[in-house]
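Owing to the predicted nature of the structure, the values given are computational and were not obtained by experimental measurement.
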Amino acid sequence: MERVAIRFLVATAVILAAAAVISGELVDETSATAGLSWSTGKDESDLLSKAEPENSDDSSAAAVVNDHDDLDGGFSSLEGMLHWAIGHSDPTKLKENAEDVQRLSTSELQKRQLELKELIEKMKMPSDAELMQMAIDDLNNSSSSLEDRQRALQELLILVEPLDNANDLNKLGGLAIVIQELDHPDQDIRRLSAWVLGKACQNNAAVQKQILELGALSKLIKMVKSSSIEEAIKALYAVSTLIQNNLAGQEFFYAEDGDAMLQEILSNSSNDIRLLRKAVSVVADLAEYQLENIIRAGSPCFGNRFFLKSVVDLTASTDLDLQEKALVAVKNLLQLKTTEALVLKDLCNLDGSLERMRQQLLDLMAEEDHRDYAVDLETLRREVELIFHEKLGKVMKVPT
């Protein structure tokens, strides 16, 4: 019975979606999933992977529903249902339905819409806050299996993306519970927990403050040194979002020798490329924050010549993304008063690195697939070169 109800729900949504397209209410088909709340922790690919073959005259949207659990609780509103139906319907069948809808009277259309709303009410779909509470309860239940804990964290990972939900996480007692999971013996649980914390506090000063007060930063910094690269990457991601544009977080980061942790990563070119990219991005963000704000204490590592050399050396990477991120970091570091131009010249050989990059970018500009990117990167390279020579000129200028 429930499966029939779900099929009716989606089929009806397709008809209403077709009507909405005709009336101009939903014209942006490129964002057809914008109204969908993936509250079940399943993404679009999960749903499509369970699609049934199109072997009937039913709507294609109805055909993709193979399991009651795939949709139960998955739509936050009627509009979300309509968007999902458009995005998962065969264009030809949708057009046919649209033509059928044109022949419906206004009262018939309103009746179908009312039936859909009533069915949604009967399904009693939980709110995001209720879903978050269920996930938190699973994590707080000592008898929960490893799979249940993983599923709960995966659901929270999606649920905390909206700002309001992230703000509710601590009110529901979730932050402290997730931070406890950083000590779990299973590395995947630790990885997911760090990821949830990073998502929750991204561009959110209030949640940053809450996580810092709960003492998570020191745990995350230790996790960056994990032998599991996936755990290390997610821990560094969480560290980066926790201290970004946050003075208290950065001061605590330095107090916990976070800068030494960065230097250790950057000085080893054999580290996973994803870890190197994130580490050098953190350096760029910290230097930029120091440039834009009068802070009580900058990073001690920014005056360390070997630290500077490890950053400059990354500009020679064959990975273009890492190369660009390293160049941005060099640019920001160059503008700090504490950065010595002569160190960059003599020890780091920044001139030589910039010239080698110029030659590499010239070669890339000859390739159509890389031309635009290479042109943009060359613009950044020239900017760094100009800043460097200006700073070097001031140092080397002989007083008269």
Side-chain angles (χ1 to χ4, degrees), residues 37-43 73 126-246 248-250 252-253 256 258 261 275 278 282:
S37 172
W38 296 106
S39 57
T40 61
K42 297 180 176 65
D43 60 19
S127 66
D128 281 359
E130 290 170 330
L131 289 168
M132 289 169 65
Q133 187 64 66
M134 286 188 282
I136 292 166
D137 290 343
D138 282 344
L139 292 174
N140 201 31
N141 184 349
S142 59
S143 63
S144 291
S145 67
L146 187 63
E147 291 74 17
D148 286 342
R149 305 182 92 79
Q150 289 173 334
R151 185 174 60 250
L153 288 167
Q154 288 165 349
E155 290 172 353
L156 285 177
L157 185 62
I158 297 169
L159 288 165
V160 299
E161 285 199 43
L163 188 66
D164 289 343
N165 287 358
N167 290 335
D168 286 341
L169 186 58
N170 193 50
K171 297 175 185 176
L172 297 171
L175 276 183
I177 298 298
V178 173
I179 290 172
Q180 286 179 8
E181 296 299 293
L182 295 177
D183 296 320
H184 197 280
D186 182 77
Q187 66 182 29
D188 198 47
I189 294 294
R190 298 195 302 269
R191 176 187 67 85
L192 287 168
S193 300
W195 199 357
V196 170
L197 293 174
K199 283 279 188 184
C201 71
Q202 191 164 18
N203 302 315
N204 191 325
V207 179
Q208 282 179 326
K209 183 175 183 293
Q210 292 164 356
I211 295 176
L212 287 170
E213 289 176 346
L214 289 169
L217 185 55
S218 59
K219 293 184 179 183
L220 291 168
I221 290 174
K222 291 176 183 177
M223 285 172 60
V224 175
K225 303 175 183 179
S226 170
S227 58
S228 164
I229 188 60
E230 301 301 329
E231 179 182 345
I233 290 169
K234 287 301 184 280
L236 185 54
Y237 161 72
V239 169
S240 69
T241 60
L242 189 53
I243 66 175
Q244 189 172 33
N245 298 321
N246 188 300
Q250 291 179 19
F252 193 80
F253 175 78
E256 291 289 314
M261 175 264 293
L275 196 62
K278 178 52 67 177
V282 173

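- Between D138 and R149 there is no salt bridge, since no side-chain N of the basic residue sits under 4.0 Å from a carboxylate O of the acidic one.
- In terms of heavy atoms, R190 sits closest to P185 at NH1-O, 3.0 Å.
- L212 contributes atom CG, which lies 12.0 Å from atom CZ of F253 (distance to the nearest 0.5 angstrom).
- Summarising the geometry, atom NE2 belonging to H184 is positioned 6.0 Å from atom CG belonging to L146; distances are rounded to the nearest 0.5 Å.
- Taking both residues in full, the closest heavy atoms of A152 and A135 are given as CB-O, 3.5 Å, listed atom of the first, atom of the second, then distance.
- A distance of 10.0 Å separates CD in E181 from NZ in K219, rounded to the nearest 0.5 Å.
- Judged by distance alone, with hydrogens and angles left aside, the side-chain atoms of D168 form no donor-acceptor pair with the main-chain N or O of K171 at under 3.5 Å.
- With rounding to the nearest 0.5 angstrom, the CG atom of L163 is 4.5 Å from the CG atom of N167.
- What you find for S226 and A232 is that their closest heavy atoms are O-CB, 4.2 Å.
- Between K278 and S240, the closest side-chain pair of non-hydrogen atoms falls below 4.5 Å.
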Start with the C-alpha distance between L236 and L220, add both sets of side-chain angles, then the distance that settles side-chain contact (heavy atoms from CB on, under 4.5 Å), and finish with yes or no. CA-CA 7 Å; L236 185 54; L220 291 168; over 6 Å; no
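- Looking at I221 and S218, their side chains never come closer than 4.5 Å, going by heavy atoms from C-beta outward.
- The pair K209-E213 meets the salt-bridge criterion, since a charged nitrogen lies less than 4.0 angstrom from a carboxylate oxygen.
- Closest heavy-atom contact between L197 and A216: CD1-CB, 4.5 Å.
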For side-chain contact (heavy atoms from CB on, under 4.5 Å), just list the numbers for V178 and I136, CA-CA rounded to whole Å, side-chain angles, deciding distance to a tenth of an Å, and then say yes or no. CA-CA 8 Å; V178 173; I136 292 166; over 6 Å; no
I'd like to know whether L156 forms a side-chain contact (heavy atoms from CB on, under 4.5 Å) with L131, so could you lay out the CA-CA distance, the side-chain angles of the two residues, the decisive distance to 0.1 Å, and finally the verdict. CA-CA 8 Å; L156 285 177; L131 289 168; over 6 Å; no
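- With a 4.5 Å cut-off on side-chain heavy atoms, S193 and L153 count as touching.
- Residues M132 and N165 have side chains in contact (heavy-atom distance under 4.5 Å, counting atoms from C-beta outward).
- Using a 4.5 Å heavy-atom cutoff, the side chains of E256 and L217 are not in contact.
- The existence of a salt bridge linking K199 and E161 is confirmed by a sub-4.0 Å separation between a basic side-chain nitrogen and an acidic carboxylate oxygen.
- Counting all heavy atoms, side chain and backbone alike, N204 lies closest to A166 at ND2-CB, 4.0 Å.
- Counting only heavy atoms from C-beta outward, the side chains of E231 and W195 never approach each other to under 4.5 Å.
- Test I177, V160, L159 against L169 for side chain to side chain contact (heavy atoms under 4.5 Å, CB included) and you get one pass: V160.
- Using modelled atom types and a 3.5 Å distance limit, the side chains of N246 and Q250 yield no donor-acceptor pair.
- With Q208 contributing its side chain and T241 its backbone, the two residues share a donor-acceptor pair below 3.5 Å.
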Check the pair V239 / L242 against side-chain contact (heavy atoms from CB on, under 4.5 Å), numbers first and verdict last. CA-CA 5 Å; V239 169; L242 189 53; 5.7 Å; no
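- With values rounded to the nearest 0.5 angstrom, E147 atom CD is found 6.0 Å from Q150 atom CD.
- A238 approaches A194 most closely through the heavy-atom pair CB-O, 3.3 Å.
- Between atom CD1 of residue I189 and atom CD of residue Q180 there is a gap of 13.5 Å, rounded to the nearest 0.5 Å.
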